[in-house]
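In this chain, numbering begins with 1 at the start of the sequence shown.
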Amino acid sequence: MGEQYQWHREYLRRHAVSRRNILRGAAAAAAVAAVGTSPFGRRAYAEEAQLAVGGRHVGFGPDSTSQLRFAAQLSRQPLGTRVFLDHGPTPALGATVEAEVRNLLTQLPSSDGGVLAAEQFYAHAPVDGLPGRVPHFYRWRTADGFTGDIRAAAPAMPTARAAIVPFRFTMMGDQGTDETPAQPAGVAPGDYDDKYYKADNEPNVPHATNVLRQIAAARPDFHILAGDIAYADPSGAGKPNEFVSHDGKLAHGFDKFNPYVWDVYFGAIEASAAQTPWMFATGNHDMEATYGANGYGGHAARLDFPGNGPAGCPSAYSFTYGNVAVLSLDANDVSYEIRANTGYSGGAQTTWAERTLAAYRADPGIDFLVCFFHHCAYSTTDAHASDGGVRDAWAALFDRYQVDLVLQGHNHVFERTDPIRGDVATKVAGDNSVVYPETDGTVYYTVGGGGRPRYGFQPGSRESYRGNELPDTTVPNSYVWTPGGDKRDEAAPWSRVRFRNYSFLRVDVRPGLFASEMDVTAVDEYGREFDRVTYRRQVRG
């Protein structure tokens, strides 16, 4: 990934763009912006308009039980205008913190032979010292008169057994957006959004929006997204970026890229993310070679990762909520399939993961361990199937520390395994079954139906889910990626549930004094449940 970034820098040295041209281009683009394609509608990037704040999103800080990280996008360059977060324990607020404004400058080759230049601004405000799971109210405000509406978000529940009550979280991956970016000119539906559904897949239905609505209606205490977030890079190979208009042609050796997709994305998720902490992992479409830091420099401007993972791995981190510990891992570091970032941590991420899993499993206040990341250790789709790099790096750790759930994206379907230990399914776990992870093993979910057009399963491999269950769900003709970047055929007797359409997970946790349970329910874009498994653990002294 570093080589791609260096190429990009050399190109820009030969094709310099002035700051004045960046601003002029942004203002011109705003003239054609349509309402709904960014958090600001026609005010986006217009220098003469009042500075506004939109695209609000909240996440946990390094200590999830007492820290929140508030972030949002600004409608234009602030030009010295100060931005504030007013906050407090009631809607009366009472405290104010001045936000840090992060400037993200993007310059990349364009398919017309020029350079696309964009400048985006993001406001960030940390708030610490909060009581666990107590709503904290906030609003964004600017010094030139903008005042946003008041929302509330809450930090995580403490792990103290006596303080734990039932809670809920949701999960999916591979989201993108149904809205077409209006910027720059020459972008059409299907170029940088989800609107390239095939005729047999309800092409006029806003699938990503439907899933998002169901997540918001579920009212989770937090939400996790297993990578491939906005799809500003719809190519996803980690190659140097190029902006390609609708009539343009992508040059060989490049990935398409449009930074304005992020404007649309933050506007889309705000309905949920402004009050529910959203926690992100990174996928192959999140490696944006335009920016440094292994393609993650743009995310450093837009997002607030907790920052408590290994150095140099921003999307590797952990947090707790009640009796559940969650690890976000960066599978780009270990993938055998897409190798732009393979090995970038030098093993530091896996070392950190083992140390962190060991500490959580030794903590009597933690019952369930959940890991989420992008590439799949176990999956049977016709597009990516299983990544042997993920299996080789982490599956033994998940066995050793009795990880309960592994939540993956990458494959645009839903698939659930039977519990696995030592690469072998230990028992059949059908719909409405009970799994005892301590003895049964780890269950792997692929939940890549967040909105991006769906994939298929292997030829002859049919769907199997509630009301449509096959007597034998074995997939005889799947494959796994090998260290050389090749596919090795394998049978998959561990594949239990397969569902091709758009979906997410709803996880309901019931902490107990003697035993704790966790219901993991698969829900489609219309709110229909099609699979459920209960995970049960004895509480340790």
Side-chain angles (χ1 to χ4, degrees), residues 169-174 224-228 279-283 315-319 324-335 349-350 352-354 356-358 360-361 366-381 384-411 413-427 429 435-438 440-449 480-481 492 494-498 503-505 507 509 518-522 531 533-535 537:
F169 67 93
T170 52
M171 175 272 167
M172 52 75 171
D174 303 79
I224 54 181
L225 198 160
D228 284 5
M279 307 303 290
F280 299 94
T282 46
S315 61
Y317 57 87
S318 70
F319 65 93
V324 174
V326 181
L327 272 71
S328 170
L329 299 174
D330 184 4
N332 291 324
D333 181 33
V334 298
S335 174
Q349 179 181 206
T350 299
W352 170 85
E354 177 162 24
T356 304
L357 287 172
Y360 283 137
R361 184 48 74 208
I366 298 297
D367 297 324
F368 297 107
L369 297 183
V370 177
C371 292
F372 75 105
F373 48 81
H374 189 63
H375 303 264
C376 296
Y378 294 94
S379 184
T380 67
T381 66
H384 300 294
S386 300
D387 195 318
V390 178
R391 279 193 205 172
D392 290 349
W394 298 334
L397 295 184
F398 301 155
D399 288 349
R400 186 176 307 139
Y401 299 106
Q402 301 174 13
V403 170
D404 301 87
L405 299 181
V406 169
L407 308 179
Q408 312 159 123
H410 199 41
N411 288 299
V413 296
F414 177 93
E415 187 169 16
R416 175 176 65 76
T417 72
D418 287 326
I420 293 173
R421 182 154 290 167
D423 203 36
V424 176
T426 63
K427 75 175 194 178
V435 169
Y436 297 87
E438 186 172 3
D440 293 341
T442 301
V443 176
Y444 293 76
Y445 287 80
T446 298
V447 194
V480 58
W481 291 92
W494 36 258
S495 179
R496 178 56 46 192
V497 177
R498 295 185 293 275
S503 63
F504 70 100
L505 286 183
V507 183
V509 183
M518 182 165 59
D519 290 337
V520 181
T521 306
D531 182 61
V533 174
T534 296
Y535 298 81
R537 272 190 176 272

Task: Heavy-atom check, side chain of Leu405 versus side chain of Phe372, under 4.5 Å - done: no
Task: Beyond-backbone contact of Cys371 with Trp394, side-chain heavy atoms, under 4.5 angstrom - done: no
Open item on the list: Can you confirm whether the side chains of Glu415 and Thr380 place a donor and an acceptor under 3.5 Å from each other?
Closed with: yes
Open item on the list: Would the distance check show the side chain of Arg421 and the main-chain N or O of Pro437 forming a donor-acceptor pair, the cut-off being under 3.5 Å?
Closed with: yes
- [ ] Would you give the length of the straight line joining atom CZ of Phe398 to atom CG of Leu357, rounded to the nearest 0.5 angstrom?
- [x] 7.0 Å
- [ ] Using the test ring pair (Phe, Tyr, Trp, His ring centres under 6.0 Å), find all partners of Tyr378 that sit at least two apart in sequence or belong to another chain.
- [x] Tyr444, Trp494
TODO: On the 0 to 90° scale, with breaks at 30° and 60°, tag the Tyr445-Phe414 ring pair as parallel, tilted or perpendicular.
DONE: perpendicular
Open item on the list: Once rounded to the nearest 0.5 Å, what's the spacing between atom CG of Leu369 and atom CD of Gln402?
Closed with: 8.5 Å
Open item on the list: If the condition is ring pair (Phe, Tyr, Trp, His ring centres under 6.0 Å), which residues does Phe319 pass it with, not counting sequence neighbours?
Closed with: Phe60, Phe222
TODO: Working to the nearest 0.5 Å, report the span between CG of Leu397 and OG1 of Thr442.
DONE: 10.5 Å
TODO: Kindly give the heavy-atom pair with the smallest separation between Ala393 and Thr350, and that separation in Å.
DONE: O-CG2, 3.8 Å
- [ ] Locate the shortest heavy-atom distance separating Trp481 from His384; write the atom from each residue and the value.
- [x] NE1-O, 2.8 Å
Task: Atom of Ala353, atom of Leu329 and distance for their closest heavy-atom approach - done: CB-CD2, 4.0 Å
Open item on the list: Which residue in the set Asp399, Asp404, Asp367 passes salt bridge (charged side-chain N to carboxylate O under 4.0 Å, His left out) when paired with Arg361?
Closed with: Asp404
TODO: For the residue pair Val443 and Val533, establish whether any side-chain heavy-atom pair is separated by less than 4.5 Å.
DONE: no
- [ ] Would you mind reporting whether Phe169 and Val509 have side-chain heavy atoms less than 4.5 Å apart?
- [x] yes
TODO: Give, for atom OG of Ser318 and atom CE of Met279, the distance between the pair rounded to the nearest 0.5 Å.
DONE: 9.5 Å
Task: pair Arg391-Ser386: side-chain heavy atoms closer than 4.5 Å - done: yes
Open item on the list: How close do Trp352 and Ser328 get, counting heavy atoms only, and between which atoms?
Closed with: CZ3-O, 4.3 Å
- [ ] Considering non-hydrogen atoms only, spot the tightest contact between Glu354 and Tyr401 and give its length.
- [x] OE2-OH, 3.1 Å
Task: Validation row: Leu225, Met172 side chains within 4.5 angstrom (heavy atoms) - done: yes
Open item on the list: Let's go through Leu505 and Val520 carefully: what are the C-alpha distance in whole Å and the side-chain angles of both, what is the deciding distance for side-chain contact (heavy atoms from CB on, under 4.5 Å) to 0.1 Å, and is it a yes or a no?
Closed with: CA-CA 7 Å; Leu505 286 183; Val520 181; 3.9 Å; yes
Task: Closest contact, heavy atoms only, Gly409 versus Thr446 - done: O-CG2, 3.6 Å
Open item on the list: Between His374 and Asp330, is there a side-chain donor-acceptor contact under 3.5 Å, judged purely by atom types and distance?
Closed with: no
Open item on the list: Quick check on salt bridge (charged side-chain N to carboxylate O under 4.0 Å, His left out): which of Arg416, Arg496, Arg498 does Asp531 satisfy it with?
Closed with: Arg416
Open item on the list: For the backbone of Ala377 and the side chain of Asp387, can you confirm whether one donor and one acceptor N or O come within less than 3.5 Å of each other?
Closed with: no
